[in-house]
Amino acid sequence: MIGLPTETPEDLLGIAELSKKVKNTGKRPGGSGEVNVAVSSFVPKPHTPFQWEPQISYEESWENSKFCVRN
């Protein structure tokens with residue numbers, strides 16, 4: 001999930017690095033091969049601790065998603 005209120009660039013890099021590790025593990029001999037990674041944007045929900053937190057813009061969400069794919 002991207003766009004959490006406390007998210008940092010290091011968090012996005014961590015998502016990308018973990019995705020690569022999982023994908024590379026699947027490519028090993030005996031691995032299943034294909035791994036698909038999906039990210040979604042944080043959407044504040046009512047009656048939760050995050051209900052008053054802002055949601056990131058579409059543009060920022062798109063940029064964060066592209067960052068995860070590039071790295």
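Given the structure is predicted, the values throughout are model-derived calculations rather than measurements. One-based numbering along the sequence shown.
Here the shortest heavy-atom pairing between E7 and M1 reads OE2-O, 4.0 Å.
Among residue pairs with one or both ends in residues 61-71, those qualifying as salt bridge (Lys or Arg N to Asp or Glu O under 4.0 Å) are E63-K66; sequence neighbours excluded.
Taking Ile, Leu, Val, Met, Phe, Trp and Tyr as members and joining any whose side-chain heavy atoms lie under 4.5 Å apart, directly or through other members, the hydrophobic cluster of W62 also contains Y58. Taking Ile, Leu, Val, Met, Phe, Trp and Tyr as members and joining any whose side-chain heavy atoms lie under 4.5 Å apart, directly or through other members, the hydrophobic cluster of I2 also contains L12, L13, I15, V39, F67.
E59 is linked by a side-chain hydrogen bond (donor to acceptor under 3.5 Å, both in side chains) to nothing, counting only residues two or more places apart in sequence or in another chain. Contacts of E17 classified as side-chain hydrogen bond (donor to acceptor under 3.5 Å, both in side chains), with partners at least two apart in sequence or in another chain: none. Residues satisfying the side-chain hydrogen bond (donor to acceptor under 3.5 Å, both in side chains) criterion with D11, sequence neighbours excluded, are T8. When the side-chain hydrogen bond (donor to acceptor under 3.5 Å, both in side chains) test is applied to S65, no partner is found at least two apart in sequence or on another chain. Shown here are the salt bridge (Lys or Arg N to Asp or Glu O under 4.0 Å) partners of K21, two or more places apart in sequence or in another chain: there are none.
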Please set out all donor-acceptor pairs under 3.5 angstrom arising from side-chain atoms of residues 49-57, sequence neighbours excluded.
unit_1, atom_1, unit_2, atom_2, d
Q51, OE1, H47, N, 2.9
S57, OG, E60, N, 3.1

